[in-house]
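Each chain gets a letter, A, B and so on, in the order its sequence line appears, and its residues count up from 1. Side chains are part of it too, since the values below use all heavy atoms of this structure and drop only hydrogens, waters and symmetry mates.
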Amino acid sequence: MPELPEVEVSRLGIAPHLEGQTISRVIVRDARLRWPVPETIQQASGSEILAVNRRAKYLLIQLSNQAVIVLHLGMSGKLRVLPATTPPVKHDHIDIVLANGICLRLNDPRRFGACLYQQPGDAPSKLLANLGPEPLTEDFDAQRLITLSKGKQVAVKNFIMDNAVVVGVGNIYANEALFMSGIDPRRKAGRVSAKRYEVLTEAIKQVLAKAIRQGGTTLKDFTQSDGNPGYFAQSLNVYGRTGEPCLTCETPIKSVVIGQRNTFYCPTCQS
DNA sequence: CGAAACACCTGTGGGC
DNA sequence: TGCCCACAGGTGTTTC
């Protein structure tokens, strides 16, 4: 489900309901997520939620006891804010129940998501250790792409989807940013000019920012935390449009598999 | 070492 | 209508 815009939209949706509230208990109906949900998460009970932050596609719920609940939505995770009395449905794995009767509920059919509990004394999670810069900050710039791509044989599409290079660029927005930049996704990262990396950097920032403004991309099942869909799907130029005319030149959009992922591009506009 | 393949898991849509 | 296969927005691990 989520790339960075969808995670950010989720964060914006849930944060006002959580911040300043006290956790009364945590219900784990199924601990079998990507990693087992730790028993220690029960220690969150009684703590106040100070902030809901985001790093890459991880949501970080900062607690008054100095611990952090780390959530990742994987491919199919969804967060809803509901009355805690709402009967759970299939794949409603975790509830973070608040003292005011509201709960944050995680539903994740494929269970590729994660819910971890990081305490001050714990070894720092390796998950967050090797992440590149946030794409919407000035820490992410063209020079970084130019420097890191030197000599790289990997396809430029895989390069910008590498979380060590820049975080948050998933399959949809990698395809869209490369279309906006006129770059063939199959081109080797080391064979993209500095000038084009300047354009690509701005395209990544623009496409992610616009997607956040539009509430994310709803393809099959993404919904904002209020249950409404995102509206970015209607802005997609190439993703999922195999055989349909390029919106610039009317050439049929092509698809190829790169790095196990479906990849869409215009053979005329991108080189 | 870098690059590619594999793994995890369930639901859905298309073709027959 | 039903069955089977292919595929899905992510990312850590294994293999070459």
Could you state the interatomic distance from [atom1] ([X]) to [atom2] ([Y]), rounded to the nearest 0.5 Å?
{"X": "A:C103", "Y": "A:I23", "atom1": "SG", "atom2": "CD1", "result": "11.5 Å"}
{"X": "A:L145", "Y": "A:T147", "atom1": "CG", "atom2": "OG1", "result": "9.0 Å"}
{"X": "A:M161", "Y": "A:N158", "atom1": "CE", "atom2": "CG", "result": "7.0 Å"}

- Tell me, please, which residues at least two apart from A:F232 pass ring pair (Phe, Tyr, Trp, His ring centres under 6.0 Å).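 Only A:Y173 meet the ring pair (Phe, Tyr, Trp, His ring centres under 6.0 Å) criterion with A:F232.
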- Task: Please name all residues satisfying ring pair (Phe, Tyr, Trp, His ring centres under 6.0 Å) with A:Y239, sequence neighbours left out, ordered by chain then number.
- Result: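 Residues passing ring pair (Phe, Tyr, Trp, His ring centres under 6.0 Å) with A:Y239: A:F264.
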Could you state the [atom1]-[atom2] distance from [X] to [N], rounded to the nearest angstrom?
{"X": "A:N262", "N": "B:dG13", "atom1": "CG", "atom2": "C1'", "answer": "15 Å"}
{"X": "A:I172", "N": "C:dG10", "atom1": "CD1", "atom2": "C1'", "answer": "12 Å"}
{"X": "A:L127", "N": "C:dG12", "atom1": "CG", "atom2": "P", "answer": "6 Å"}
{"X": "A:K188", "N": "B:dA4", "atom1": "NZ", "atom2": "P", "answer": "8 Å"}
{"X": "A:L4", "N": "C:dT11", "atom1": "CG", "atom2": "P", "answer": "10 Å"}
{"X": "A:N107", "N": "C:dG9", "atom1": "CG", "atom2": "C1'", "answer": "15 Å"}
{"X": "A:L71", "N": "C:dG10", "atom1": "CG", "atom2": "P", "answer": "17 Å"}
{"X": "A:H93", "N": "B:dC9", "atom1": "NE2", "atom2": "P", "answer": "12 Å"}

- Query: Can you find a heavy atom in the side chain of A:D108 that is under 4.5 Å from one in the side chain of A:K78?
  - Reply: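 In short, these two side chains do not touch, never coming nearer than 4.5 Å.
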- Item | Student check: side-chain heavy atoms of A:L59 and A:V70 closer than 4.5 Å |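 Sidechains of A:V70 and A:L59: no contact.
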- Go through the steps to decide whether A:T263 and A:K157 satisfy the test side-chain hydrogen bond (donor to acceptor under 3.5 Å, both in side chains), and finish with yes or no. CA-CA 9 Å; A:T263 301; A:K157 184 188 175 223; 2.8 Å; yes
- Task: Indicate yes or no: does A:E6 engage A:K57 in a salt bridge with an N to O separation below 4.0 Å.
- Result: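 Looking at A:E6 and A:K57, the cut-off is not met.
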- Salt-bridge present (A:R80, A:D92; N to O < 4.0 Å):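 A salt bridge is absent here (no side-chain N lies under 4.0 Å from a carboxylate O).
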- Query: Taking the side chain of A:W35 as heavy atoms from C-beta outward, which of B:dG11, C:dG10, C:dG12 is closest to it?
  - Reply: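 The closest nucleotide is C:dG12.
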- Query: Out of B:dG11, B:dC6, C:dG12, which nucleotide sits closest to the side chain of A:Q260?
  - Reply: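 Minimum distance to the A:Q260 side chain belongs to B:dC6.
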Kindly say if [X] contacts the phosphate of [N], meaning a side-chain N or O under 4.0 Å from OP1 or OP2.
{"X": "A:Y239", "N": "C:dG9", "answer": "yes"}
{"X": "A:H91", "N": "B:dG11", "answer": "yes"}
{"X": "A:K90", "N": "B:dG11", "answer": "yes"}
{"X": "A:H72", "N": "C:dG10", "answer": "no"}
{"X": "A:K152", "N": "B:dG2", "answer": "no"}
{"X": "A:R32", "N": "B:dC8", "answer": "no"}
{"X": "A:Q153", "N": "B:dA3", "answer": "no"}

- Task: Using only heavy-atom distances, determine whether the side chains of A:Q43 and A:Q119 contain a donor-acceptor pair under 3.5 Å.
- Result: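 Side-chain D/A pair, A:Q43 to A:Q119: present.
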- Task: Scan side-chain atoms only and decide if A:D184 and A:Q270 contain a donor-acceptor pair under the 3.5 Å cut-off.
- Result: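 Not at all, the side chains of A:D184 and A:Q270 share no donor-acceptor pair under 3.5 Å.
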- Item | Pairs where residues 187-204 of chain A contributes a residue and the test side-chain hydrogen bond (donor to acceptor under 3.5 Å, both in side chains) is met, not counting sequence neighbours |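 Sorted pair list: A:R196-A:S271.
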- Query: Does any residue of residues 158-168 of chain A have a heavy atom under 4.0 Å from DNA chain C, and if so, which ones, in number order?
  - Reply: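 By residue number: A:N163.
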- Message: When the P atoms of B:dC9 and C:dT14 are compared, how many Å lie between them, rounded to an integer?
- Response: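 Pairwise P distance, C:dT14 against B:dC9, rounds to 15 Å.
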- Query: Contacts to DNA chain B from residues 110-118 of chain A, heavy-atom cutoff under 4.0 Å, which residues?
  - Reply: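 Under 4.0 Å from DNA chain B: A:R110, A:R111, A:F112.
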- Item | Nucleotide pairing, DNA chain B (Watson-Crick or G-U, distances under 3.5 Å), in dot-bracket with [ ] and | | .|||||||.|||||||
